[in-house]
Amino acid sequence: MEKRGCLYEGKAKRIYETDKPEVLWVEYKDDATAFNGVKKDVLTGKGRLNNEISSVIFSLLAREGIKSHFIERLSETEQLIRKVTIIPIEVVVRNIAAGSLVKRLGLTRGQRFDQPIVEFYYKDDELGDPLMNEEHIRVMGLATEDEVASLKEKALEVNEHLIELFKKIDVDLVDFKLEFGRDISGKVLLADEISPDTCRLWDSKTGDSFDKDLFRFGQGNLQEGYETILARLGGKS
Ligand code: TMP
Ligand code: ASP
């Protein structure tokens with residue numbers, strides 16, 4: 001596989017074309033941003049940790065029958081993915097109250113829900129990724145009704161598998177964000193990454209955070225938290 005020109009550079013990754021039109025080459029960067037890019041830093045090793053963790057998680061999900069854009073990990077910081085057009089909707093699943101939900105509705109941080117909450121956010125940096133509902137999605141033509149139903153169903157299925165996976169390594173899956181894309185044939189595939197950048201992960205015994213909140217709120221060393229997740233997952237891949 002040959003790496004060609006850079007197609008897109010985001011806050012955490014660079015995406016390159018390859019000699020195959022349906023395959024892209026992803027490079028994870030060490031850049032960390034929070035609050036829509038307001039807080040920024042370069043954290044050595046973050047790219048490697050997210051690439052490794054996301055590769056392990058997508059591989060484990062594939063074994064459970066959940067297809068994603070992930071093809072293979074190439075190096076510490078690189079992976080190959082299927083080319084998809086990202087649907088500009090961030091699908092968030094919450095099992096325990098934290099983050100923006102606590103701020104918005106005044107719930108108590110740490111409150112466990114009887115059933116998971118699914119939310120949609122419009123993926124638009126200029127607007128600061130606002131919360132949206134299914135009717136906004138329909139009116140804006142971002143996805144069909146069937147696609148929205150399938151996004152929700154897939155997100156809940158991923159949630160079930162991730163809860164189990166993290167339970168085995170003594171970690172509570174608090175919440176996470178997924179992105180989906182359409183492949184060349186129009187089929188909707190799980191995309192982007194699943195890593196401590198996109199999940200809230202708490203030690204089930206101590207409640208310590210192992211995720212990007214360490215950076216967002218200056219709660220501790222981000223690389224140490226991510227390293228703990230990778231090490232604990234190590235035995236499970
Ligand atoms: P929130 O509580 O800030 O809305 O975040 C919910 C989940 O989504 C949390 O696991 C972090 C993740 N997330 C992202 O992956 N990207 C984002 O831009 C934001 C705001 C949250
Ligand atoms: N991903 C967003 C940013 O890069 C926000 C966040 O993760 O808190 O700024």
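One-based numbering, in listed order, for ligands and for the atoms of each. We number each residue from 1, following the sequence as shown. Note that this is a predicted model, so its numbers are computed, not measured.
Under 3.5 Å, the side chains of R14 and T77 contain no donor-acceptor pair of N or O atoms. A donor atom on one side chain and an acceptor atom on the other are not found under 3.5 Å apart for Q111 and T108.
Within the listing of ligand 2, atoms 3 (C), 9 (O) sit less than 4.0 angstrom from a heavy atom of G37. Close approach of ligand 2 to K11 is summarised as follows: ligand atoms under 4.0 Å from at least one heavy atom of the residue are 3 (C), 4 (O), 9 (O). Ligand-side atoms of ligand 2 in range of R216: 6 (C), 7 (O), 8 (O), range being under 4.0 angstrom from any heavy atom. The D197 neighbourhood of ligand 1 comprises atoms 15 (O), with distances under 4.0 Å to a heavy atom of that residue.
The option with the heavy atom closest to atom 21 (C) of ligand 1, from among R216, K212, R200, is R216. Nearest to atom 15 (O) of ligand 1 by heavy atom, out of R94, K11, K177, is K177.
Between K212 and ligand 2, an N or O atom pair is found at a separation short of 3.5 Å.
Applying the 6.0 Å contact sphere to NZ of K152 captures no more than 12 heavy atoms from other residues, nucleotides or ligands.
A salt bridge does not link E147 to K154: none of the charged nitrogens lies less than 4.0 Å from a carboxylate oxygen.
Contacts with ligand 2 closer than 4.0 Å are made by no heavy atom of K39, backbone or side chain. When non-hydrogen atoms are compared, ligand 1 lies under 4.0 Å from neither the backbone nor the side chain of N36.
The cationic atom of K39 (NZ for Lys, CZ for Arg) lies less than 6.0 Å from the six-membered ring centre of F215 and within 45° of the ring axis.
Nearest to atom 17 (C) of ligand 1 among the protein's heavy atoms is E90 OE1, 4.1 Å. Shortest contact from atom 7 (C) of ligand 1 to any protein heavy atom: D175 OD1, 3.7 Å.
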